[in-house]
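Just so we're on the same page: letters track the sequence lines, and every chain starts at 1. Basis for what follows: all heavy atoms, side chains included, without hydrogens, waters or symmetry-related copies.
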Number of protein chains: 2
Amino acid sequence: MIVPYIAVMIKMVTAGSHAAPVRGRPREFDMEEALDGAIRVFRERGYHASSIGDLTDAMGLASGSIYKAFKDKRDIFLAAFDRYTLLRTAQMQQVAGAAKSARERLRDLFAFYLESSRGVEGRRGCLVVGSAVELAIFDREVAARVGASLANNEALLAGLVREGHLDSSVPRGVDPEETARVMVYLTQGMRVVGKAGRAPPDPSITIEIAMKLLT
Amino acid sequence: MIVPYIAVMIKMVTAGSHAAPVRGRPREFDMEEALDGAIRVFRERGYHASSIGDLTDAMGLASGSIYKAFKDKRDIFLAAFDRYTLLRTAQMQQVAGAAKSARERLRDLFAFYLESSRGVEGRRGCLVVGSAVELAIFDREVAARVGASLANNEALLAGLVREGHLDSSVPRGVDPEETARVMVYLTQGMRVVGKAGRAPPDPSITIEIAMKLLT
DNA sequence: CGATATAGGGAACGATCATTTCCTATTCAA
DNA sequence: TTGAATAGGAAATGATCGTTCCCTATATCG
């Protein structure tokens, strides 16, 4: 009797308290698919320009159903933000774990960010950047999540610089934390410029210039 | 008879067709002060979260008066954007013209951007970044202005790199255009992170790391 | 099987927003 | 000095938006 209760609690925690309860009619829609639709809308239009109508279309739900699963529009946004950062962190860690040397892994991350900032994906934009620009100043909770996401990226990059010290692919003189901070500026700036649709003709040149930070 | 007409036309062009006409009751408010108020509102809240009520407060005008001077909310925004980029470009050119060597002028520009991304000013944000993120994808005219502003900054930075070749403060191997592109990423990223309220404890270290791009 | 609990969905509601209207005030032209 | 033109400002308007309500459907518990 207590085991399923614990399982439910764990699922509720991982799903951010948006998991379906045990009693009553079960949820018919897929929460992850619905949130993917919400992510698409919020990335393209931002928070304020996304209407509930936009969200019902993209999530495949009626407004009544949305308000059964979420407290309000902001609650949808926070759930979408959390899923976005979850997926993005997974992608980054995958990219950052492929190559042999730490230097090459950092190069792969730059390429990944540059690719994310190109074409349709670039125009769609980054939800973290969008939240920072549109919401962080007046919403403490959003600001905290944006800060945590940036700190997370910074830590990942700093860790790679430190690994580079160990495998001798990055000179000891390169400060991990300070360099990672500048690299975060660089990557977030790529997303901004990508939103404006200005992509570099030859990304490989851009990457090599960015790699000078590891000198 | 024709001379004042020409003068009026020139003023209308420079003021973006928002100048007061010759006939009728003259405008009582100062257009530049009003636009400064609009700039403050749009920088803090973005476009969609800024209500006409916010703008009447910040511009010191009633809604009826605002609609006498501007076609609609978007027209106010475009005028504010143009004034913002005008002022910002002037500031940048002033900063970029002080030091002796081109390398030092580039360093001053990094410091200027980092300072603009700190504290209250940083939280207030950059109107170009905000426009790129919130509006560029669905508003061609805004996208064009954002693109022009980024291209302008890029050209300014590239020009300094080229000057650095001439005064030998920047190695010849540093490509002006490609390096300027990366520097734009860097500076726009600073504004994003500044919006989130995360400023570097010691800006001078950050600046020196950024200067590695000129290696 | 009946009671309870929750989901799905669409219509209704209340608030807010951008914009217009209308009236007064102030200028220039004739 | 009168008329045309425009500014200032407050109230009215119409549309849109987020949210709630209500009804039906489907599950579990006793």
Quiz item: Can you name the closest pair of heavy atoms from A/Ala49 and A/Asp54 and give their distance?
Solution: O-OD2, 3.6 Å
Quiz prompt | Integer-rounded Å distance: C/dT16 P and B/Lys73 NZ | solution = 15 Å
Quiz item: What do the steps show when you test A/Glu121 against A/Arg43 for salt bridge (charged side-chain N to carboxylate O under 4.0 Å, His left out), and what is the final call?
Solution: CA-CA 10 Å; A/Glu121 183 71 6; A/Arg43 284 177 63 192; 3.0 Å; yes
Quiz item: Looking for any heavy atom pair under 4.0 Å, which part of the strands does A/Lys68 touch: base, sugar-phosphate only, or nothing?
Solution: base
Practice problem: Test the A/Arg74-A/Phe81 pair against the cation-pi criterion, namely NZ or CZ under 6.0 angstrom from the six-membered ring centroid and within 45° of the ring axis. | Solution: no
Quiz item: Do the side chains of A/Asp72 and A/Asp75 get nearer than 4.5 Å, heavy atoms only?
Solution: yes
Practice problem: Would you please classify the geometry between the A/Phe42 ring and the A/Tyr47 ring as parallel, tilted or perpendicular, with 30° and 60° separating the classes? | Solution: parallel
Self-check item: salt bridge (Lys or Arg N to Asp or Glu O under 4.0 Å) involving A/Arg162 - partner list, sequence neighbours excluded
Solution: A/Glu177
Quiz item: Under 4.0 Å: is that the gap between some side-chain N or O of B/Tyr67 and OP1 or OP2 of C/dT20?
Solution: no
Quiz item: Whole Å only: how far is the CG atom of A/Asp72 from the C1' atom of D/dC17?
Solution: 14 Å
Self-check item: Gap between atom CG of A/Leu35 and atom CD1 of A/Ile76 - 0.5 Å precision
Solution: 9.0 Å
Quiz item: Given atom CZ of B/Arg45 and atom C1' of C/dT16, what is their separation to the nearest angstrom?
Solution: 14 Å
Practice problem: Enter the distance from B/Leu156:CG to B/Met183:CE here, rounded to the nearest 0.5 Å. | Solution: 11.0 Å
Quiz item: Of all of residues 50-59 of chain A, which get a heavy atom below 4.0 angstrom from DNA chain D, listed by number?
Solution: A/Ser50, A/Ser51, A/Ile52
Quiz prompt | Value in whole Å for how far the C1' atom of C/dT19 lies from CD1 of B/Ile76 | solution = 11 Å
Quiz prompt | Worked verdict on B/Arg105 versus B/Leu109 for side-chain contact (heavy atoms from CB on, under 4.5 Å) | solution = CA-CA 6 Å; B/Arg105 278 178 264 163; B/Leu109 272 181; over 6 Å; no
Practice problem: Run the salt-bridge test on B/Arg123 and B/Glu44 with the 4.0 Å N-O cut-off and return the result as yes or no. | Solution: no
Practice problem: Report the distance from atom NE2 of A/His48 to atom C1' of C/dT16, rounded to the nearest whole Å. | Solution: 14 Å
Quiz prompt | Nucleic acid contacts of residues 29-38 of chain B, taken as heavy-atom distances under 4.0 Å to DNA chain C | solution = none
If you restrict it to nitrogen or oxygen atoms, what contacts under 3.5 Å exist between nucleotides 11-15 of chain C and the protein, and what is each distance?
residue : atom : partner : partner atom : Å
C/dA11  : N6   : A/Ser63 : OG           : 3.4

Self-check item: Selection residues 190-204 of chain A - residue pairs positive for salt bridge (charged side-chain N to carboxylate O under 4.0 Å, His left out), sequence neighbours left out
Solution: A/Arg198-B/Glu154
Practice problem: Using whole Å, report how far CG of A/Asp75 lies from P of D/dT19. | Solution: 10 Å
Got a list of protein N/O to nucleotides 25-30 of chain D N/O distances below 3.5 Å?
residue : atom : partner : partner atom : Å
D/dA25  : N3   : A/Arg25 : NH1          : 3.0

Quiz item: Can you check whether A/Ser65 has a side-chain N or O nearer than 4.0 Å to OP1 or OP2 of C/dA7?
Solution: no
Quiz item: Closest heavy-atom contact between B/Leu160 and B/Ala102?
Solution: O-CB, 3.3 Å
Self-check item: Spacing of B/Ile66 atom CD1 relative to C/dC17 atom P, expressed in whole Å
Solution: 14 Å
Exercise. Report the distance from atom CG of B/Leu61 to atom P of C/dT19, rounded to the nearest whole Å.
Key: 16 Å
Self-check item: Nearest-0.5 Å distance that lies between atom CG in A/Leu213 and atom OH in A/Tyr185
Solution: 12.5 Å
Quiz prompt | Ion pair B/Glu178/B/Arg181, N-O distance below 4.0 Å | solution = yes
